[in-house]
Amino acid sequence: MRETIGSGETWPFRCLRCLLVWEVEYVVRRTGDEQGGEHGDDVAVWTREGVAVQPPWSGTTCPGCGCGTVTTFPTGYLTR
């Protein structure tokens, strides 16, 4: 039987063109392989507001200028 684990993650981003900084909240559901992941069957599904989306490191664009050249910060970086 596969076990599904869901967790909330907040990812901070910065646009390298206009320098806008923003955060996006995701829910990640990870499904583990029955043998502990040995066979490469682990799956992570990223969602925002209940809709499946690409993971944060893939295809993120700036909401301000539309540029696709963005970077992320470590989790919790913006709260420091």
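- Taking each heavy atom of Gly64 and Leu20 in turn, the nearest pair found is N-CD2, 3.7 Å.
- Leu19 shares a hydrophobic cluster with no other residue; no ILVMFWY side chain has heavy atoms under 4.5 Å from its own.
- Applying the side-chain contact (heavy atoms from CB on, under 4.5 Å) rule to Val53 yields the partners Tyr26, Trp46, Arg48; only residues at least two apart in sequence or on another chain are considered.
- For the residue pair Ser7 and Arg30, the shortest heavy atom distance occurs at OG-NH1, 3.8 Å.
- For the pair Thr61 and Val70, the tightest heavy-atom approach, listed with the atom from each and the gap, is C-CG1, 4.4 Å.
- A donor-acceptor distance shorter than 3.5 angstrom exists from the side chain of Thr47 to the backbone of Val27, with no hydrogens or angles considered.
- For Thr69, the side-chain contact (heavy atoms from CB on, under 4.5 Å) partners at least two apart in sequence or on another chain are Leu16, Cys67.
- The side-chain hydrogen bond (donor to acceptor under 3.5 Å, both in side chains) test applied to Trp11 returns Glu9, not counting sequence neighbours.
- Counting heavy atoms from C-beta on, the side chains of Thr72 and Trp57 never come closer than 4.5 Å.
- Residues near Val51 contribute nothing to a hydrophobic cluster around it, because no ILVMFWY side-chain heavy atom sits closer than 4.5 Å to its side chain.
- Side-chain contact check for Cys15 versus Trp22: some heavy-atom pair is nearer than 4.5 Å.
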